[in-house]
2 protein chains.
Amino acid sequence: MSDTAARSDMNSWQAVQEEALRRIRSRQWRPGELIPNEAELSQELGCARATVNRALRNLAEAGFLDRRRKAGTRVALHPVRKATLDISMIRQEIEGKGQAYSYLLLSSGLESPPLDVRVRLQGPADQQQLHITALHMADRRPYAYEDRWINPQAVPEAMTADFEAQSPNEWLLVHVPFEGGSIAFSAKTASQMEAEILACPPGEGLFVIDRATWSKGQVITQVRLIFHPGYHMHTEL
Amino acid sequence: MSDTAARSDMNSWQAVQEEALRRIRSRQWRPGELIPNEAELSQELGCARATVNRALRNLAEAGFLDRRRKAGTRVALHPVRKATLDISMIRQEIEGKGQAYSYLLLSSGLESPPLDVRVRLQGPADQQQLHITALHMADRRPYAYEDRWINPQAVPEAMTADFEAQSPNEWLLVHVPFEGGSIAFSAKTASQMEAEILACPPGEGLFVIDRATWSKGQVITQVRLIFHPGYHMHTEL
DNA sequence: CAGTGGTCTAGACCACAAG
DNA sequence: TTGTGGTCTAGACCACTGG
């Protein structure tokens, strides 16, 4: 009964994954330890190697295992949990909560970007950028302040877009496909101006998202979103 | 040349995925539109159905496609980008930046949790919980303040653990496997006490992570991490 | 060099849900 | 009912990389 052979077969990849997780959690497979290779496991568990592969690959993506050709598969030394956040349009985020979305364009025009924006741009030094500021509202109350720079070289159509009707957030998502980007989350203390825009006391701690997106090696847009006090972003593990 | 037939074969799932992405971005496949089924695509592209399946399944996970049995595969109406965040131990996060990690236990003891903690616990009403507060430091400077509640019913061993030597953050990760959890990110204004602990002016905006983890239907622990001013968490898309 | 994971294939059956 | 994606299999070859 305590033998390693002939377990009741588990021929779904989910079952194999569960079994592997069980062995990790029960310390039958210890952190850093080499586990049996795919061929052995498939034989032991009574399924095809591809099934084992799917299960272990999945666990590796989730951070539980480290896999390398020839070196084999090991239990991850430091379990790094991965949380996935859904980044959607602000309009959807608000409407998804059952609130009414509205939007106000605050300013729009060509400007020379400040140093921090220019650094990230990596483009020619003294080029002007389209600078747009706007306010997103939920049930007529301030929700998020959008401060955006758009590279007119990468997106010339943006120069003639009507950002009164549609926020740059949405316009860009629909009109400009992008390949990659970076996101940063942080907090900041509300300045006098931000406090006025978001209708909160100055000095309040506000949640901030900075995002840059690029395509074909060019930076398309950079944006800072500053959210109203009390905003929080959450996800499951 | 402009025919749909006989493209140069693409028999890797990555190539199929790129081709599908190209068609989405070029609007050859429009948002909401039904795309050909796996059998047709595999024939058109000259590869096995399993290869197409792998590619499209991947794109669906990434949020570009919506797939349903019998209903077929459609281009997602609202491209929801998914950002994955790595949640690791604070020690690793600091050492990964090349800084020296240190840790200070501030308090530890059984207490009746406040209302907000009790609500999430979903357990018996008047049960005491292990309450621990601690400070994580990078190069001897305050990095994050940890305010944690541990359910002694779920983790009795925690009552005798030495949290002077090892932070509860690490101890739990090593000793208690968990199944699920929820994470929330937000910002808060530094209180007088928090300002003193983190050595910053009161009123500063601080980045906050709230996390709850459970296993076998029981809440194991709840924690709030408050980070020093200037902290930011970032990831790639 | 040789062992391991990574992938592709052709075929098969199944589960789900739209009509 | 029936079309679609979801998965499993057995076998094969490839790519990377440790020893």
Side-chain angles (χ1 to χ4, degrees), chain A residues 4-21 23-24 29-77 80 82, chain B residues 6-21 23-24 29-77 80 82:
Chain A
T4 61
R7 300 181 170 280
S8 61
D9 285 3
M10 34 189 72
N11 48 355
S12 83
W13 69 266
Q14 291 95 333
V16 173
Q17 175 169 323
E18 278 313 306
E19 172 63 13
L21 262 183
R23 293 187 185 185
I24 293 171
W29 291 343
R30 309 248 180 94
E33 189 178 310
L34 203 59
I35 75 173
N37 67 31
E38 295 186 351
E40 293 176 73
L41 278 174
S42 65
Q43 191 173 358
E44 182 200 342
L45 301 176
C47 63
R49 183 166 78 93
T51 307
V52 173
N53 181 281
R54 170 91 188 258
L56 298 189
R57 181 162 35 88
N58 217 39
L59 287 174
E61 277 169 14
F64 290 102
L65 296 174
D66 282 334
R67 318 194 76 195
R68 281 154 64 202
R69 283 165 158 140
K70 167 76 180 178
T73 300
R74 293 173 181 280
V75 178
L77 243 5
V80 175
K82 293 185 175 166
Chain B
R7 300 180 171 277
S8 60
D9 285 3
M10 34 188 70
N11 51 356
S12 84
W13 68 266
Q14 291 95 331
V16 173
Q17 175 170 320
E18 279 312 307
E19 173 62 12
L21 262 183
R23 293 184 186 187
I24 293 171
W29 290 345
R30 308 254 179 92
E33 189 178 311
L34 203 59
I35 75 173
N37 67 31
E38 295 186 348
E40 293 176 76
L41 277 174
S42 66
Q43 191 173 359
E44 183 200 340
L45 301 175
C47 63
R49 182 167 79 95
T51 307
V52 173
N53 181 281
R54 171 88 188 259
L56 298 190
R57 181 163 34 89
N58 216 39
L59 287 175
E61 277 169 14
F64 290 102
L65 297 174
D66 281 335
R67 319 194 75 196
R68 282 153 67 200
R69 281 167 158 138
K70 167 75 179 177
T73 301
R74 293 173 182 279
V75 178
L77 242 5
V80 174
K82 291 183 175 166

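Per chain, numbering begins at 1; letters A, B, ... match sequence-line order.
- Comparing A:A71 and A:S12 against DNA chain D, the residue whose closest nucleotide sits nearer the 5' end is A:S12.
- The shortest heavy-atom contact between B:A55 and B:V16 is CB-CG1, 3.6 Å.
- Side-chain atoms of B:E18 never come within 3.5 Å of backbone atoms of B:A15 as a donor-acceptor pair (strictly under, hydrogens ignored).
- The distance from atom CD1 of B:I35 to atom P of D:dT4 is 12 Å, rounded to the nearest whole Å.
- Between A:R49 and A:E44, none of the side-chain N atoms (NZ, or NE/NH1/NH2) sits under 4.0 Å from a carboxylate O, so this pair counts as no salt bridge.
- Contact footprint of chain B on DNA chain C: nucleotides with an atom under 4.0 Å from a non-hydrogen protein atom, first to last in 5' to 3' order, C:dT7 to C:dA18.
- Side-chain nitrogen and oxygen atoms of B:T73 include none within less than 4.0 Å of the OP1 or OP2 phosphate oxygen of D:dT4.
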Show me, pair by pair, the donor-acceptor contacts under 3.5 angstrom made by side chains of residues 58-66 of chain A, not counting sequence neighbours?
unit_1	atom_1	unit_2	atom_2	d
A:N58	ND2	A:Q17	OE1	3.0

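- Taking atom CG on A:N37 and atom C1' on D:dC16, their separation rounds to 16 Å, with Å as the unit.
- The separation between A:K70 atom NZ and D:dG18 atom C1' is 5 Å, rounded to whole Å.
- Considering only heavy atoms from C-beta on, A:N53 comes within 4.5 Å of A:R67 through its side chain.
- Among the atoms of the strands shown, only primed sugar atoms or phosphate atoms (P, OP1, OP2) are found under 4.0 Å from some heavy atom of B:R54.
- Distance B:E40 CD to D:dG5 C1': 13 Å, rounded to the nearest Å.
- In this structure a side-chain-to-backbone donor-acceptor pair under 3.5 Å is present from A:S42 to A:E38.
- With the nearest nucleotide of DNA chain C identified for both A:N53 and A:G72, A:G72 has the one nearer the 5' end.
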